[in-house]
Chemist: 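I have a structure here, written as structure tokens, and I will follow up with some questions on it.
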Amino acid sequence: MEMYVNGERVNADEHVTWEEIRGMRNILLSHTDSYMISDRFELLSEERKTELLNYRQELRDLPQTYMNEDGTGIDELEFPLELDWIIID
């Protein structure tokens with residue numbers, strides 16, 4: 001995750017915690033929760049169902065994918081691209 005302070009690139013591990021990353025991730029997951037209700041999910045095309053399931057899994061996997069044994073790794077973190085068809089209620 002690229003982070004800039006006063007226009008200069010800094011190491012995100014020194015400025016953001018994994019707890020904060022999980023909070024951001026949880027907000028992004030909440031934006032898609034309503035699409036997981038069975039009635040609404042069934043209205044999606046197969047392509048969108050797959051996109052949604054993959055997106056949510058990538059978000060859930062962020063800490064395991066990027067966190068190093070010493071707790072660093074935020075600087076290399078890349079959030080998945082948000083789905084452009086998701087409408088935030």
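Remember, it's a predicted structure, so these values are computed and weren't measured experimentally.
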Chemist: As an exercise, state the distance from CG of N11 to CD of E76, rounded to the nearest 0.5 Å.
Modeler: 7.5 Å
Chemist: Can you confirm whether E8 is buried at CD, in the sense that more than 12 heavy atoms of other residues, nucleotides or ligands lie under 6.0 Å from that atom?
Modeler: no
Chemist: List the residues meeting salt bridge (charged side-chain N to carboxylate O under 4.0 Å, His left out) with D13, not counting sequence neighbours, and say none if there are none.
Modeler: none
Chemist: Can you confirm whether more than 12 heavy atoms, excluding those of E78, are under 6.0 Å from its CD atom?
Modeler: no
Chemist: Is it the case that over 12 heavy atoms from other parts of the model lie below 6.0 angstrom from the CD atom of Q64?
Modeler: yes
Chemist: Looking at OG1 of T65 and CG of L77, how far apart are the two atoms once the value is rounded to the nearest 0.5 Å?
Modeler: 9.0 Å
Chemist: How long is the straight-line distance from NE2 of H31 back to CG of L83, given to the nearest 0.5 Å?
Modeler: 12.5 Å
Chemist: Which atom names give the shortest non-hydrogen contact between P80 and L62, and what distance separates them?
Modeler: CD-CD2, 4.4 Å
Chemist: Answer yes or no: does atom CG of L43 have more than 12 heavy-atom neighbours from other residues, nucleotides or ligands under 6.0 Å?
Modeler: yes
Chemist: Give a yes or no answer on whether the side chain of W18 reaches the backbone of G71 with a donor-acceptor pair at less than 3.5 Å.
Modeler: yes
Chemist: Could you tell me whether D75 and R9 make a salt bridge, using a distance below 4.0 angstrom between a side-chain N and a carboxylate O?
Modeler: yes
Chemist: To check you understand the geometry: which heavy-atom pair defines the closest contact between M1 and A12, and what is its length?
Modeler: O-CB, 3.5 Å
Chemist: Run the side chain to side chain contact (heavy atoms under 4.5 Å, CB included) check on E47 and L52 step by step: do they pass?
Modeler: CA-CA 9 Å; E47 180 181 352; L52 180 60; over 6 Å; no
Chemist: Within the distance-only criterion (no hydrogens, no angle test), does the side chain of D70 pair as donor or acceptor with the backbone N or O of T72 below 3.5 angstrom?
Modeler: yes
Chemist: Is there any ring-ring contact (aromatic ring centres under 6.0 Å, His included) pair reaching into residues 44-85, and which pairs are they, with sequence neighbours excluded?
Modeler: Y35-W85
Chemist: With sequence neighbours excluded, tell me which residues meet side chain to side chain contact (heavy atoms under 4.5 Å, CB included) with E69.
Modeler: none
Chemist: What pairs with E42 under salt bridge (charged side-chain N to carboxylate O under 4.0 Å, His left out), at least two apart in sequence or on another chain?
Modeler: K49
Chemist: OG1/T32 to CD/E51 distance, rounded to the nearest 0.5 angstrom?
Modeler: 12.5 Å
Chemist: Please report the interatomic distance CD1(I86) to CZ(R48), rounded to the nearest 0.5 Å.
Modeler: 8.0 Å
Chemist: Distance check, rounded to the nearest 0.5 Å: R22 atom CZ versus L29 atom CG?
Modeler: 12.5 Å
Chemist: Establish whether I27 and I87 are linked, either directly or via other cluster members, by ILVMFWY side-chain heavy-atom contacts under 4.5 Å.
Modeler: no
Chemist: For D84, give me all partners under side chain to side chain contact (heavy atoms under 4.5 Å, CB included), at least two apart in sequence or on another chain.
Modeler: none
Chemist: If you group Ile, Leu, Val, Met, Phe, Trp and Tyr by side-chain heavy-atom gaps below 4.5 Å, do M24 and L81 land in one group?
Modeler: no
Chemist: Indicate the atoms forming the closest heavy-atom contact of I21 with V16, along with that distance.
Modeler: CD1-CG1, 3.7 Å
Chemist: Answer yes if the side chains of D61 and Q57 hold a donor-acceptor pair under 3.5 Å, and no otherwise.
Modeler: yes
Chemist: Just to verify, what does R25 make a salt bridge (charged side-chain N to carboxylate O under 4.0 Å, His left out) with, not counting sequence neighbours?
Modeler: none
